[in-house]
Number of protein chains: 2
Amino acid sequence: MSSSEDSMCRAAVDEALQTVGGKWSYDVISRLYYGPQRFNQLRRALGGITVKSLTDALRQLERQGVVHREVIPTYPVNVEYSLTEKGRDFRAVLFQMRAWGEKWLPGEKDEKAEG
Amino acid sequence: MSSSEDSMCRAAVDEALQTVGGKWSYDVISRLYYGPQRFNQLRRALGGITVKSLTDALRQLERQGVVHREVIPTYPVNVEYSLTEKGRDFRAVLFQMRAWGEKWLPGEKDEKAEG
DNA sequence: CCGGATCCGATGGGATACTG
DNA sequence: CAGTATCCCATCGGATCCGG
């Protein structure tokens, strides 16, 4: 495997960063792990997020193929958002982030193994 | 144990996001994996990064305990930056990001220089 | 109910000048 | 060499109005 390629590494990591980089990206993705949700359903779940912020976040995730957007032609229109396989697969990244964060969060760990 | 806590999950993931969230954070960390480096050494390695951007990135990483800053009182002053254990441990996160990114990057499926 | 359009304040990153 | 201080602009995120 490529062990010293910086450039291609960059692009791959960048893809992940764009996915969770936004302020609400993580929250949106987290909610969608519970299953498909409609727009205002997400809005309510995320508390004080504004329409534009949520739209932007969803559009970004959609462009990356992380989120799938399905329009259900009822009246009024219903739009359902769900995670794609790529999105579900992203759990591994979040999990790793969380593991690292919890391990090194300040103050939470008293035992400072001096090595 | 934390199996379904969203809030603490958030804090942990947030810690990771703050670490790589900045535009240059990833590049700085990557360079430091090669070993301790001085300020201008980093600057040159990172190409067109400005003084302020590099300073900001390093300060942020320093605050989080990811990077260690050591002043060597020579003349002129030398300052050496290196990764802490927390920083070195972050490789797992970057690795996971990279793995996911490479797996799902659009169209870039073909492998290069396969032995 | 979903979300596009627009204005606005906060923030981040870059360029330049100057200092210890 | 290693920054600090300052100004500037691009982008982000939020609020509001409006249309499908």
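Convention: sequence-line order gives letters A, B, ...; per-chain numbering from 1. Keep in mind that the numbers below use all heavy atoms, side chains included, and drop hydrogens, waters and symmetry copies. Please read all numbers here as calculations on a predicted model, not as lab measurements.
Rounded to an integer number of Å, the gap from CD of B/E70 to C1' of D/dC1 is 16 Å. The distance from atom CG of B/N40 to atom P of D/dC1 is 5 Å, rounded to the nearest whole Å. In this structure, CD of B/Q41 is placed 8 Å from P of D/dA2, rounded to the nearest angstrom. One atom, CG of A/L54, and another, P of C/dC1, lie 14 Å apart when rounded to the nearest Å. Straight-line distance from the CG atom of B/D27 to the P atom of C/dG14: 10 Å, rounded to whole Å. Rounded to whole angstrom, the span from the CG atom of A/L58 across to the P atom of C/dG3 amounts to 8 Å. The NZ atom of B/K52 sits 11 Å away from the C1' atom of D/dA5 (whole-angstrom rounding). In this structure, A/L61 places its CG atom 14 Å from P of C/dG3, rounding to the nearest Å.
Of the side-chain N and O atoms in B/R38, none sit less than 4.0 angstrom from OP1 or OP2 of D/dC1. Distances shorter than 4.0 Å separate some side-chain N or O of A/W24 from OP1 or OP2 on D/dG14. At the phosphate of C/dC2, neither OP1 nor OP2 sits under 4.0 Å from any side-chain N or O atom of A/R43. At least one side-chain nitrogen or oxygen of A/K23 sits closer than 4.0 Å to the OP1 or OP2 atom of D/dG14.
Of the candidate nucleotides C/dG4, C/dC2, D/dG3, C/dG4 has the atom nearest to the side chain of A/T55. Side-chain proximity of A/Y81 to the nucleotides D/dG3, C/dC2, C/dA15 is greatest for C/dC2. Set against D/dC1, C/dC1, D/dA2, the side chain of A/N78 has C/dC1 as its closest nucleotide.
By the 4.5 Å heavy-atom criterion applied to side chains, B/Y33 and B/R91 are counted as neighbours. Within the 4.5 Å cutoff, no side-chain heavy atoms of A/K52 are placed close to those of A/T55.
Between A/V67 and A/T84, the shortest heavy-atom contact is C-CG2, 3.8 Å. Across B/E15 and B/K86, no two heavy atoms sit closer than the pair OE2-NZ, 2.7 Å.
Using modelled atom types, one finds a donor on one side chain and an acceptor on the other under 3.5 Å when comparing A/D14 with A/Q18.
Across all strands, B/R59 comes closer than 4.0 Å only to sugar-phosphate atoms, never to a base (heavy-atom distances). Residue B/V51 is classed as a base contact, given a heavy-atom separation below 4.0 Å to a base.
Aromatic ring orientation, B/W100 versus A/F90: perpendicular (interplanar angle above 60°, classes split at 30° and 60°).
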Quiz item: B/R31 and B/D27: salt bridge (charged side-chain N to carboxylate O under 4.0 Å, His left out), yes or no, with the steps?
Solution: CA-CA 6 Å; B/R31 276 296 153 183; B/D27 306 272; over 6 Å; no
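If B/V77 and A/P76 are placed on DNA chain D by their nearest nucleotide, the residue sitting closer to the 5' end is B/V77.
With the end axes of the helix from C/dC1-D/dG20 to C/dG20-D/dC1 each set by five pairs, the angle from one to the other reads 40° at 10° resolution.
A/S30 pairs by the side-chain hydrogen bond (donor to acceptor under 3.5 Å, both in side chains) definition with nothing, not counting sequence neighbours.
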